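So the structure is just underneath, and the comments pick up after that.
Proteins get letters first, then strands, A, B, ... in listed order; numbering begins at 1 in each. Keep in mind that this is a model prediction, so the values were computed, not measured. Keep in mind that the numbers below use all heavy atoms, side chains included, and drop hydrogens, waters and symmetry copies.
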Amino acid sequence: MGTRHVTCTEFLAELTDYLDGKANAATDAEICAHICVCAHCKVMLDTTRKTIQIYRDQEVYELSPSLRERLHNAIMSKCKRC
Amino acid sequence: MPNIQVQGEEEIHPDVALVARAKEGDTAAFEQLVRQYERQIFRIAQHITQNREDAEDIVQDAFLKAYQKLEQFQGNSKFYTWLVRIAVNESLMRLRKRRTAKTVSIDEDIETEEGSMPRDLADWSPDPEQMYGQSELAEILRKTIQGLPPGFRTVFVLRDVENLSTEETAETLGLSVPAVKSRLLRARLQLRERLSRYFKIRKDGDTPRDLHRVSR
């Protein structure tokens with residue numbers, strides 16, 4: 001049996017599981033077949049994957065060593081008092 | 001993340017021993033847990049509240065609460081996810097206080113449909129990170145995630161930034177697994193859409209800096 005053709009809406013519904021590597025083998029194959037013929041969904045897949053990667057790689061809210069030390073000391077002194 | 005010790009057939013997370021020692025009053029063991037997770041808890045609190053002072057208070061309150069309630073921690077979940085649950089609740093409480101007239105919960109603004117129907121389907125530059133300096137890029141990412149409703153923002157941060165599993169995220173937020181998946185999809189698509197304004201391949205003469213200035 002050949003791979004079932006999915007629509008763009010069905011592709012969207014499976015996108016999260018596909019990106020997380022949680023889609024089953026049949027769905028995986030359907031998504032792969034779809035993005036081979038649908039340029040829009042291919043762009044969406046690639047740019048959504050990149051969105052996740054950029055947020056994962058960048059430290060958007062960095063805790064500076066001095067602030068970290070200050071917070072750490074405040075936490076421990078509160079804990080020791082209680 | 002700490003390594004997992006293997007004892008016989010059973011895998012034991014190193015936090016288990018630290019928590020057991022902390023429960024017996026060993027503050028050095030608790031201090032080690034604080035060192036291990038203070039950065040992540042600060043990051044989560046700042047992502048949710050979008051306010052640095054609030055995040056500083058939340059980190060302190062969350063660890064203090066964890067210390068006071070340590071006896072109640074049964075070890076059914078990982079210590080880290082238990083701690084995250086406390087920090088998320090503290091963060092949502094802060095948002096609620098800030099907007100006194102309005103109740104803020106994980107469900108806030110969840111009705112928005114943006115993101116379900118992608119509009120911007122232009123491809124991105126091969127190395128979008130190279131288009132901006134480090135601090136400029138951080139500012140773009142901050143502004144972009146700030147635009148997400150708290151309910152979406154929280155799911156995205158726990159799942160995609162902090163790498164909690166879908167099940168752990170659901171447990172932490174008191175949501176079902178399908179609800180987490182649905183919010184995660186919308187959060188990812190909304191962020192993608194917003195980042196496209198900065199990262200898409202542009203026509204001649206349209207520089208990233210011009211676009212950045214316009215969209216401020």
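Of the listed residues (A:R68, A:K80, A:K78), the one with the most heavy-atom contacts under 4.5 Å to chain B is A:R68. Heavy-atom pairs under 4.5 Å with chain A were tallied for B:E56, B:Q134, B:Q68; the largest tally goes to B:E56. The greatest number of non-hydrogen atom pairs below 4.5 Å with chain A, out of B:V34, B:D61, B:V161, is found for B:V34. Per-residue heavy-atom pair counts under 4.5 Å with chain B were compared for A:L63, A:T47, A:D17, A:T51, and the maximum is reached by A:T47. Taking A:R56, A:Q53, A:K42, A:E59 one by one and counting their heavy-atom pairs under 4.5 Å with chain B, the maximum is reached by A:R56. Ranked by heavy-atom pairs under 4.5 Å with chain B, the first of A:T9, A:L67, A:D57 is A:L67. In terms of non-hydrogen atom pairs under 4.5 Å with chain B, the most contact-rich of A:L71, A:L15, A:D20 is A:D20.
Contact annotation for residues 21-31 of chain B against chain A (heavy-atom separation below 4.5 Å, listed by residue number): B:T27, B:F30, B:E31.
A:E14 does not touch chain B: none of its heavy atoms, backbone or side chain, sits under 4.5 Å away. Proximity to chain A involves both the backbone and the side chain of B:L191, based on heavy atoms less than 4.5 angstrom apart. Of the atoms belonging to B:R35, heavy atoms from both backbone and side chain fall under 4.5 Å from chain A. In this structure, no portion of B:S182 lies under 4.5 Å from any heavy atom of chain A. Both the backbone and the side chain of B:I145 come within less than 4.5 Å of a heavy atom in chain A. Contacts of A:E62 with chain B are made by both backbone and side-chain atoms, with heavy-atom separations under 4.5 Å.
With rounding to the nearest 0.5 Å, the separation of CD in B:E193 from OG1 in A:T48 is 9.5 Å. We find the CD-OG distance between B:Q60 and A:S77 to be 8.5 Å, quoted to the nearest 0.5 Å. Atom NE2 of A:H40 sits about 10.5 Å away from atom CG of B:D123, to the nearest 0.5 Å. To the nearest 0.5 Å, the span separating CG on B:L141 from OH on A:Y55 amounts to 4.5 Å. Here the CD1 atom belonging to A:I54 is positioned 6.5 Å from the CG atom belonging to B:L137, to the nearest 0.5 angstrom.
The environment of NZ in A:K50 is crowded: more than 12 heavy-atom neighbours from other residues, nucleotides or ligands sit within 6.0 Å.
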Derivation of the side-chain contact (heavy atoms from CB on, under 4.5 Å) call for A:M44 and B:L189 | CA-CA 9 Å; A:M44 189 151 69; B:L189 293 180; 4.2 Å; yes
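Under the 3.5 Å distance criterion, the side-chain polar atoms of B:R188 are left unmatched by any main-chain donor or acceptor of A:I52. A:Y61 places no side-chain N or O within 3.5 Å of a backbone atom of B:F42 that could act as its donor or acceptor partner.
When every heavy atom of A:V43 is checked against every heavy atom of B:A122, the shortest pair comes out as CG1-O, 3.6 Å. Nearest approach of A:C79 to B:F63, heavy atoms of both residues: SG-O, 4.3 Å.
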